[in-house]
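Throughout, protein chains are lettered first and strands after them, A, B, ... in sequence-line order, and every chain is numbered starting at 1. None of these values were measured; they are calculated from a predicted model.
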There are 2 protein chains.
Amino acid sequence: MTDEPTRRRPTLDEVAERAGVSRTAASRVLNNAPHVSRDKREAVQRAIRELGYVPNPTARALATQQAGAVALIVAGDDPAVFADPFFGQVVAGATTVLEETDLHLMLCLATSARGQLRVQQLLHTRAVDGVMLMALREGDPLTRLALDADIPAVFGGRPLGQDVPSFVDVDNVGGARAATEYLISQGRTRIAMITGPLDTDVSRARHRGYREALTLAGLTPHGEEPGDFTELGGITAMDALLARHPDTDAVFAANDNMAAGALRALRRAGRTVPGDTAVIGFDDLPVAEVSDPPLTTIHQPIQALGQEMTRMLLALVAGGSPSPLLLPTRLVRRESA
Amino acid sequence: MTDEPTRRRPTLDEVAERAGVSRTAASRVLNNAPHVSRDKREAVQRAIRELGYVPNPTARALATQQAGAVALIVAGDDPAVFADPFFGQVVAGATTVLEETDLHLMLCLATSARGQLRVQQLLHTRAVDGVMLMALREGDPLTRLALDADIPAVFGGRPLGQDVPSFVDVDNVGGARAATEYLISQGRTRIAMITGPLDTDVSRARHRGYREALTLAGLTPHGEEPGDFTELGGITAMDALLARHPDTDAVFAANDNMAAGALRALRRAGRTVPGDTAVIGFDDLPVAEVSDPPLTTIHQPIQALGQEMTRMLLALVAGGSPSPLLLPTRLVRRESA
DNA sequence: CCTCTTTTTGGAAGCGCTTCCGGTCACCCT
DNA sequence: AGGGTGACCGGAAGCGCTTCCAAAAAGAGG
């Protein structure tokens, strides 16, 4: 190794020269394109090895007009929302499929005004080849921005009040129905719901599923209280529910965090679960396994969500026109219901 | 708006032409550099506005030899580790400081062999201007790779068994000592510890702090059991601890997840907390507030960690040589101890 | 009014790679 | 042997921006 402190990294020209071929030929073997004779190909490969050459991605990007990266954009108003393990799993899923390509993952939290602006630039400048958007609120300007930016975009969960061509979502309505029906099948009749913030499609869909199941069974909602998807919010909502309807015998929370909160509120109120009140959640996050009692919940394939979003984006980038996707959910029976 | 379907985006040349100046001048106003007369500057600005010009970041990157992005690399062997809210907070912190610059955040999970490879490429090709590395295990090849790649790098938490020039860490030893001393000050004497995986510096440091406090007080460890930083691991470890030393009157868990697990194991074993056994955690994650009882724990400024890592990286990229940083921790008293 | 600075200008040379396209050359078929 | 037919090959033109540098313009000073 003759590594001078900061030697300029070798360029394709140098490789070509050393291999005694044109830069064009060198480029061809790099991208293993045809029309290079066996000899030259090998000469170039040797030169590459000897020089320790590694192509400059920026130059390649400029020449090919492809950024070599896609972005995951997380909206919301608080940077802390990203601390939700949900996103971590989505990222993990996205990563597994991106790993198989030569694209990188750019992460943008569009939570502050500054952040929104930067996302806007990102879209405008085409610094990425495509974007995945999540956690959009109703009327979030980002939705239009992304749609208008003429850049491949897939949405994780449908944005409320705006039809988008490419999205992958979870069957929230079906899951919520299944949850509620399960409660009903257990003989519960005074079923309350802790909803999510109602300016999101996911919350609305889960609420709809709950209502549908109730209607089908000839029941009516026994109290509905909005939460904010946090455990604390679940506690507050459950307290409110209990105050209004002390005879509630079951509650469906729109996510596990809130269900866990409900569990705590119920215990604090001296009620047993599932004895006095059954609780069912949604998401099947880690917390569901370790809450007390463990949560019966609707499992949603979060990592798969990340994967499918990414696959769809890749298809879009490749010029395809994939159809929207709805991922299935399934009931996970544990002890809270 | 005369937006044809897919009109080529305007280039700097077009701006220059329209403004009646040279491309050089146009570039100058873009980067608001000196040596441009007032008139021309305004003309260029107008042209930019009228054309809706937005500079091409790739071209700029090629010319300036700066990627315009930094990477956050998360090691570990399971993509799911990233689901830990810890990382979410780090990302949030990093984002807040990056937002003030014109750098983007690239996220890499080096959890699979494939992932490691891609990170290696990332370093080699200089696709980013700098990297932040986290969750490195002892002897992780990534450490050397990053150090050798001749690219600005800051480590989040010191990698075990390898001195690195730039890192920001939390005062794990001090925090662990404070936690243990608090337990001691409450009159506990049979104090066990649930450690993290001992091939990480953070686990070792917290363990050391625990030992130091014990020694200072003339006490000895009352059982030590390694966990894996998950709630489940905490349950298992606590069960083991209880089996060996049923008279344990306090336990210090190396993080909140495991502390929460310990809480559950203790309850299951019919013990009261803090009555029979006091429990103290580390991290002050959201779970600490909502566990039952709420966890007394050592707060560590995770978001600040992300911020400081990023600031340090920026300093490095700018050619500076910042000193390592140790962030303070503080005891948060709740009800478990 | 003329010389000496100080500013302002823009031509041109990159940054490192891809790719169009016209030219070679070997080979095969009548 | 002449004419095709392809597979090779490499020159050169980009991709869109920054920046060096020589030249031109504008002030300053006498």
A/Thr11 side chain, from C-beta outward: closest of D/dC15, D/dT18, C/dG16: C/dG16
Would you say the side-chain atoms of A/Glu138 and A/Thr200 include a donor-acceptor pair closer than 3.5 Å? no
Quick one: does B/Leu142's side chain get under 4.5 Å of B/Val119's, heavy atoms only? yes
Protein proximity profile, nucleotides 4-10 of chain C - base contact B, sugar-phosphate-only contact S, no contact -, cut-off 4.0 Å on heavy atoms: ----BBB
Would the distance check show the side chain of [X] and the main-chain N or O of [Y] forming a donor-acceptor pair, the cut-off being under 3.5 Å?
X	Y	answer
A/Arg158	A/Val164	no
A/Asp78	A/Val81	no
A/Asn31	A/Ser27	yes

Between [N] ([atom2]) and [X] ([atom1]): distance, integer Å:
X	N	atom1	atom2	answer
A/Arg38	D/dA7	CZ	P	18 Å
B/Arg60	D/dC15	CZ	P	18 Å
B/Glu17	C/dG11	CD	P	12 Å
A/Arg41	D/dC8	CZ	P	9 Å
B/Leu62	C/dC17	CG	P	9 Å
B/Asn56	D/dG14	CG	P	17 Å
B/Arg9	D/dC15	CZ	C1'	13 Å
B/Asn32	D/dT18	CG	C1'	15 Å

Using the rule given for salt bridge (charged side-chain N to carboxylate O under 4.0 Å, His left out), can you reason through A/Glu50 versus A/Arg18, listing the C-alpha separation, both sets of side-chain angles and the distance that settles it, and then say yes or no? CA-CA 10 Å; A/Glu50 291 171 356; A/Arg18 179 175 192 115; 2.7 Å; yes
Describe, as an angle rounded to 10 degrees, how the axis at the first end of the helix from C/dC1-D/dG30 to C/dT30-D/dA1 is tilted relative to the axis at the last end, five pairs per end. 40°
How far does CD of A/Gln45 sit from CG of A/Leu30, to the nearest 0.5 angstrom? 10.0 Å
Name the residue from B/Val131, B/Val128, B/Leu313, B/Val70 that meets the side chain to side chain contact (heavy atoms under 4.5 Å, CB included) definition with B/Pro152. B/Leu313
Using a 4.0 Å heavy-atom cut-off across all strands, classify B/Ser27 as base, sugar-phosphate, or nothing. base
Is the shortest side-chain N to carboxylate O distance from B/Arg114 to A/Glu100 below 4.0 Å? yes
Kindly say if B/Gln65 contacts the phosphate of C/dG14, meaning a side-chain N or O under 4.0 Å from OP1 or OP2. no
